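Input: a single structure, listed below in structure tokens.
A note on names: the letters A, B, ... follow the listed sequences, proteins ahead of strands, and every chain is numbered from 1. From a predicted model like this one, the values you see are computed outputs, not experimental measurements.
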Amino acid sequence: MAPTSSQVRFFSSINHRLHLQKRAVLFWGFPSSSKDLEIPNENIFLRNKEGLRPFCSADSILCSADSIQDISFATELIRMQHWSKLKTHLKTTNPTTLLLQLFNSDADPVLILRYFCWSTKELRISHSLVLTGRLLDALAAAKEYPKMRSFLHKFVKNESFSSVSSVFHALSMSSDSLCHNSIIIDMLMLAYLKNMKTHMGFEAFKRAGDYGLKLSVLSCNQLLSALVKEGKVEDVEYVYKDMRRRRIEPNLISFNIVINGLCKVGKLNKASDVMEDMKSMAVLPNVVTYNTLIDGYCKKGRIGKMYKADAVFREMLENGIFPNEMTFNILIDGFCKDENVSAAMKVFEEMETRGVKAGVITYNSLINGLCRYGKLDEATGLRDEMMASGLKPNVVTYNALINGFCKKKMVDKARELFNDIAEQGLSPSVITYNTLIDAYCKEGRMEDAFALRNSMLDRGVLPDVSTYNCLIAGLCRKGNIKGARDLTNDLINNGLTADLVTYNILIGALCKDGQSKMAVRLLDEMFKVGLSPSHVTYNTLMDGYCSKGNLVAALNLRKQMEKEKKRPNIVTYNVLIKGFCQKGKLKDANMLLNEMLEKGLIPNQTTYLIVRAEMMEKGFVPDIEGHMYNISGSS
DNA sequence: TTAGGGTTAG
């Protein structure tokens, strides 16, 4: 069989490509030794005087009567799955040559696939990427899509060394059908995504564009969704723009995913823009779109966020989209977290007016809101109301209540609720344990805390990094820094990773102990392990330096913080103002106070207390007359 | 293939 025109086109640069291929080790299977990594020569086309000619061509294989008999015999063995007989047959025939013969004889692609997989597994043969591409092309031509999917899934799962670029390269060598290659790459991208190899899926998306292959919206949506879950919103924006450039029309789901991604990182204006985009493309926002945007404003909005969330809700109603339970849950939770439980209760009433039934999550949000502000009787009452309406509290309901009692320092009452959980046929979650463990630690009852940690192990609930953080913080409060360090090592030995909170706790403890230098070492360590220090980290360290009177070091940290694109917040100013006041530098403190106000930061109760205690009592009148109203905050 | 609730650090 002569090479096709595309093969000729391709193989005009075969020598160069083969050289590259050998260097890049392009295989789909499992090499068992370095020897297996050598390129098999069955695929090599040799240059002769006439031009290009396959080494294993029709002349050399299929024109001999023996070969035809051989291939029919082998095909039959594969069809019957007589593998031991085929193994005997292969003592005289190279397995890869047989594969080529199967391709050239136009055998049923499903049979070729069967042989391909068997020879990979049983004979430990690593078929080249090009041959694998050829198999996929044959399967695509036969529209054997489920088989392709399952093959690609296994390939991606087992393949640990083939780069995305090598796969594309090989595919361009093995098939000249844009249509088949598009289908193959579309499925390959999905396989990467399903195997949690999002970065490879993203690369496949980009390369598909370079190669002019068309991807489906469905697969692009999966990519967008995976990127959102990994928090890679810049990549989400790239894919979204590129989809439009490549004329892959985004559908409602694509828009919803993109809006969600943007909302999750607080890019609310961009999210609104995307909503306008979709309208201009005649894709009308649905209840999910509105819920996503409302939730974005609730969770990531700044000043007046609930006003904006409510405005989006009203717009939704005007556009004739009916809110569902989730819409109300989002608003209720938003108002509760905005310290406005009464507004949340109004939404709860509106929900009923509009005929939307409250669910467990609705009650949980309200109960949690009430608990956060110490309204335990109302919270418990709502739990009873919930049960009366036929809804069964779940572990989240209990966690909210337990947390409420713990915050009110009623730990024994919280423990009673904890015991109720099992009676109700529910199981405490790791969060239930963490909440109680933290409460014990805060009361200094370390023995009870550790006993609870042990009992969770007995019940098969694995402690997570938060469990350790609560205990580490407990030990630090007792001044037991060594114990805290040991427990941190224990955390690591148990296969967990210290997180931002762990570092903040340890840094705080070291600062409190006067060991600011050691604390800064931990800050450096954070960068090394790829953790980004937060406001809490910097503020804690600055507080440590200020307590030691080292204002220069504290101000340097503020500079470093700003370099890291962290704008000083209210706590930063409170820490610095307190530091300057304690050093008697009241004018500097006052300058900081004004700077804070100029930046639009509204001083809180702590600021007020510092100013009153440190400045006014020393006879210094802060230059903030017009702002005193703000400073007293609640006045 | 898209949207909601509970824990830890200043």
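For A/Asn324, counting side-chain heavy atoms from C-beta on, the closest listed nucleotide (B/dA9, B/dG6, B/dA3) is B/dA3. Checking B/dA9, B/dT8, B/dG6 against every side-chain atom of A/Asn469, the shortest atom distance belongs to B/dT8. Closest contact between the side chain of A/Asn504 and the listed nucleotides B/dG6, B/dA9, B/dG10 involves B/dA9. Here B/dA9 is the nucleotide among B/dG6, B/dA3, B/dA9 with the atom lying nearest to any side-chain atom of A/Arg477. Comparing B/dG6, B/dG10, B/dA3 by their nearest atom to the side chain of A/Thr540 picks out B/dG10. For A/Asn539, counting side-chain heavy atoms from C-beta on, the closest listed nucleotide (B/dG10, B/dT1, B/dA9) is B/dG10. Comparing B/dG6, B/dT1, B/dT8 by their closest approach to the side chain of A/Gln222 singles out B/dT1. Here B/dG10 is the nucleotide among B/dT7, B/dG10, B/dA3 with the atom lying nearest to any side-chain atom of A/Val536. Closest to the side chain of A/Val571, out of B/dA9, B/dG10, B/dG6, is B/dG10. The side chain of A/Ser466 has B/dT8 as its nearest neighbour among B/dG10, B/dT8, B/dA3.
No contact: A/Val228 has no heavy atom under 4.0 Å from any strand. Residue A/Ser219 is out of contact with every strand shown, counting any heavy-atom pair closer than 4.0 Å. Counting any heavy atom pair closer than 4.0 Å across all strands shown, A/Lys299 reaches sugar-phosphate atoms only and no base atom. In this structure, A/Lys264 reaches the sugar-phosphate backbone alone: every heavy-atom distance under 4.0 Å involves primed, P, OP1 or OP2 atoms, never a base. Heavy atoms of A/Val360 sit under 4.0 angstrom from at least one base atom. Counting non-hydrogen atoms under 4.0 angstrom, A/Asp499 reaches nothing in the nucleic acid.
Spacing between atom CG of A/Asp420 and atom P of B/dG6 amounts to 21 Å, rounded to whole angstrom units. Here the P atom of nucleotide B/dT2 and the CG atom of A/Leu262 are 17 Å apart, to the nearest Å. Spacing between atom CD1 of A/Ile259 and atom P of B/dT1 amounts to 20 Å, rounded to whole angstrom units. A/Phe322 places its CZ atom 19 Å from the C1' atom of B/dA3, with the value rounded to the nearest Å. Atoms CD1 (A/Ile421) and C1' (B/dT7) sit 13 Å apart, rounded to a whole Å. Rounded to a whole Å, the CG atom of A/Asp295 is 7 Å from the C1' atom of B/dA3. The CZ atom of A/Phe418 sits 13 Å away from the C1' atom of B/dT7 (whole-angstrom rounding). When rounded to the nearest whole Å, the span between NZ of A/Lys407 and P of B/dA9 equals 7 Å.
Contact annotation: A/Asn260 reaches the phosphate of B/dA3 (side-chain N/O to OP1 or OP2, under 4.0 Å). For A/Lys229, no side-chain nitrogen or oxygen approaches OP1 or OP2 of B/dT1 to under 4.0 Å. Put simply, A/Lys566 has no side-chain N or O that comes within less than 4.0 Å of OP1 or OP2 on B/dG10. For the pair A/Asn403 and B/dT7, the criterion of a side-chain N or O lying under 4.0 Å from OP1 or OP2 is met.
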Verdict with supporting geometry, A/Ile481 and A/Leu510, side chain to side chain contact (heavy atoms under 4.5 Å, CB included): CA-CA 8 Å; A/Ile481 295 182; A/Leu510 288 170; 4.3 Å; yes
Test side-chain hydrogen bond (donor to acceptor under 3.5 Å, both in side chains) on A/Asn469 and A/Ser466; report intermediate values, then the result. CA-CA 5 Å; A/Asn469 288 344; A/Ser466 298; 4.9 Å; no
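Annotation: cation-pi geometry satisfied between A/Arg246 and A/Phe205 (NZ/CZ under 6.0 angstrom from ring centroid, within 45° of ring axis). A/Lys413 forms a cation-pi arrangement with A/Phe405, by the criterion of a distance under 6.0 Å to the ring centre and an angle within 45° of the ring axis.
Residues A/Met187 and A/Tyr145 meet the side-chain proximity criterion, which asks for heavy atoms closer than 4.5 Å.
Under the rule for a salt bridge (charged side-chain N to carboxylate O under 4.0 Å, His left out), A/Lys407 has no partner lying at least two apart in sequence or in another chain. With sequence neighbours left out, A/Arg314 forms a salt bridge (charged side-chain N to carboxylate O under 4.0 Å, His left out) with A/Asp310, A/Glu350.
Checked by distance alone, A/Thr435 brings no side-chain donor or acceptor within 3.5 Å of a matching partner on the base of B/dT7.
Contacts between residues 248-258 of chain A and DNA chain B, defined by a heavy-atom separation under 4.0 Å, are made by A/Ile253, A/Asn256, A/Ile257.
Under the side-chain contact (heavy atoms from CB on, under 4.5 Å) test applied with A/Ile330, the options A/Ile294, A/Ile361, A/Val347 reduce to a single match, A/Ile294.
Classification of A/Asp235 and A/Lys232 as a salt-bridged pair fails, no side-chain N sitting under 4.0 Å from a carboxylate O.
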